[in-house]
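Have a look at the structure below before the remarks.
Just so you know, ligand 1 is whichever comes first in the structure, and atom 1 is the first atom listed for that ligand. Bear in mind that the values here come from a model prediction, so they are computed numbers and not experimental data.
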Amino acid sequence: MTDAFAKIQALIHNTEQEFVAQLLTVQDRQQLEQLRILYLGRKGRVQALFSSLAQLDPAERPMIGQELNRLKKEFEEKLTAKLSKAAQSAKTIEQFDYSLPGRSPASGGLHPLMQVLDEIKSIFTSMGFRIEEGPEIELDYYNFEALNIPPYHPSRDMQDTFYLDGKYVLRTHTSPVQIRTMERQKPPVRMIAPGRCFRKDTPDATHSPTFHQVEGLCVDRDISFADLKGVVQVFAQKMFGQDVRVRFRPSFFPFTEPSAEYDFSCFVCQGKGCRVCKGTGWIEISGAGMVDPAVFGFVDYDPNVYSGYAFGMGVERIAMLKYQINDIRYFFDNDLRFLEQF
Ligand code: FA5
């Protein structure tokens, strides 16, 4: 083997390695064309190797010639493969229409009941009420006893609930938060307590076994029933506009004296009477009354100094009025066709 033979073999080896390395760094069709010219062009590196065949011993030429043909073929194939790959990705890019409007991600929203609760909270806080909370799994003591409902009292029947054991119940109303707040705080008290309640009620258009209430409590010197009526009237008008009518009816709750229930005029029939208002023209919204002095006894407030009013409104009933929904069960079916409207 001559020196020239060894030298050209080393050159072929290096050229091949450099080509492969450079091909890897090529980014686009233009660079690919430059690489093709550099190696396979008329004045390219493969052609230069062919020209150096003349320096070889004639017996050595066929072997190197074959080697160079193999190299040329390999470069051509590799360049073609890379070119078709580049063409394909360019096509993918061209097929994408950048002028199309973007797809906005589906965003969640607040449940209509939560929206109504937020509105109720903001109306009451604007009137100086603070927001309090209490547990949904409540002690019998707070849910009943401290509200002047002893174990034997028949009014327990109206709020039958789910008992967890002798001591705990799923709270039937938000009124226990009255007691918890008064235990913690001396008068004056002005608070609302929104939250979930549970009863063994058979579902119908206006009743659900799980529902929400907003409790209200105001205790100070010289608080009268007129204050209660004024606050309820302002709330009704802020929530439903000037035309809504409010009526108070006498009622009974062991923890208020005197007690009342108040209704708002029915949205469906404007007070004429329909299925939703059960023919009465009114929808019952809330129980209310003046805090019974016996309740003050449980929290150590002096009934000779302080008086107060309390109410417990049904949030679903308010939402039904607000959005003209004629069946409470829609709120709990979890049907997106309903929920997405809010
Ligand atoms: C009470 O729950 C008393 N705690 C309210 C109260 C508070 C009176 C403070 C006095 C002082 P009542 O059981 O009437 O009262 O319920 C109050 C309101 O909750 C009802 O007017 C109604 O709007 C709503 N409500 C009651 N039960 C259900 C139910 N099953 N489904 C939907 N809403 C209900």
Side-chain angles (χ1 to χ4, degrees), residues 113 116-117 120 129 132 134 138 142-144 146-149 153-162 169-182 189 191-219 223 225 227-229 231-232 235-236 239 246-264 266 276-278 280 282-292 294-296 307-322 325 327-332:
L113 287 177
V116 167
L117 260 178
I120 297 174
F129 286 75
E132 299 286 348
E138 184 55 283
Y142 288 111
N143 196 80
F144 292 124
L147 287 163
N148 205 23
I149 313 175
H153 200 285
S155 75
R156 283 200 178 204
D157 292 348
M158 280 157 41
Q159 299 195 2
D160 197 11
T161 183
F162 305 90
V169 297
L170 293 189
R171 70 175 175 194
T172 57
H173 50 179
T174 43
S175 298
V177 189
Q178 285 186 36
I179 308 296
R180 287 180 175 275
T181 307
M182 288 190 282
V189 172
M191 68 86 174
I192 58 161
R196 201 160 20 182
C197 307
F198 311 86
R199 286 187 198 177
K200 262 170 95 177
D201 278 352
T202 307
D204 64 20
T206 53
H207 290 84
S208 162
T210 299
F211 60 100
H212 296 75
Q213 285 187 345
V214 173
E215 192 75 10
L217 173 70
C218 173
V219 183
I223 297 291
F225 207 97
D227 296 305
L228 168 66
K229 286 190 87 171
V231 162
V232 169
F235 166 73
M239 195 80 199
V246 180
R247 77 168 184 188
F248 280 76
R249 291 176 285 113
S251 185
F252 171 76
F253 297 100
F255 39 97
T256 44
E257 181 57 38
S259 299
E261 270 171 307
Y262 56 83
D263 309 329
F264 293 170
C266 177
V276 175
C277 60
K278 300 197 175 88
T280 64
W282 299 90
I283 292 190
E284 180 197 315
I285 298 290
S286 180
M290 300 305 290
V291 180
D292 195 305
V295 172
F296 284 154
S307 56
Y309 64 78
F311 55 82
M313 306 197 266
V315 178
E316 284 76 8
R317 307 274 174 89
I318 292 171
M320 288 169 80
L321 279 172
K322 180 144 188 86
I325 293 160
D327 198 313
I328 197 170
R329 287 165 287 199
Y330 284 122
F331 290 122
F332 304 106

* Salt-bridge contact Arg180-Glu215 (side-chain N to carboxylate O under 4.0 Å) ->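 Salt bridge between Arg180 and Glu215, a charged N being under 4.0 Å from a carboxylate O: no.
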
* **Residues forming a ring-ring contact (aromatic ring centres under 6.0 Å, His included) with Phe248, sequence neighbours excluded** =>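 Partners of Phe248 under the ring-ring contact (aromatic ring centres under 6.0 Å, His included) test: Phe225, Tyr262.
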
* **Set of ring-ring contact (aromatic ring centres under 6.0 Å, His included) partners for Phe211, sequence neighbours left out** =>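 Expected list: none.
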
Atom pairs, nitrogen or oxygen, ligand 1 to protein, under 3.5 angstrom:
from, atom 1, to, atom 2, distance (Å)
ligand 1, 2 (O), Arg199, NH2, 2.8
ligand 1, 2 (O), Gln213, NE2, 3.0
ligand 1, 4 (N), His173, ND1, 2.8
ligand 1, 4 (N), Ser175, OG, 2.9
ligand 1, 13 (O), Arg199, NH1, 2.8
ligand 1, 13 (O), Arg199, NH2, 3.0
ligand 1, 16 (O), Gln213, NE2, 3.3
ligand 1, 19 (O), Gln213, NE2, 3.1
ligand 1, 21 (O), Glu284, OE2, 2.7
ligand 1, 21 (O), Ile285, O, 3.3
ligand 1, 21 (O), Ser286, N, 3.3
ligand 1, 23 (O), Ile285, O, 3.0
ligand 1, 23 (O), Gly314, N, 3.4
ligand 1, 23 (O), Arg317, NH1, 3.4
ligand 1, 30 (N), Asp201, OD2, 2.7
ligand 1, 30 (N), Ser208, O, 3.0
ligand 1, 31 (N), Ser208, N, 3.0
ligand 1, 31 (N), Ser208, O, 3.4

* **Minimal non-hydrogen separation, Leu147 against Pro176, with atom names** =>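 Leu147 and Pro176 have their closest heavy atoms at CD1-N, 3.9 Å.
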
* Quick check, are the ring centers of His212 and Phe331 under 6.0 angstrom apart? ->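 Here the rings of Phe331 and His212 have centres that are no less than 6.0 Å from each other.
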
* Check side chain to side chain donor-acceptor pair (under 3.5 Å) between Asp327 and all other residues, then give those that pass, not counting sequence neighbours. =>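 Residues passing side chain to side chain donor-acceptor pair (under 3.5 Å) with Asp327: Arg329.
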
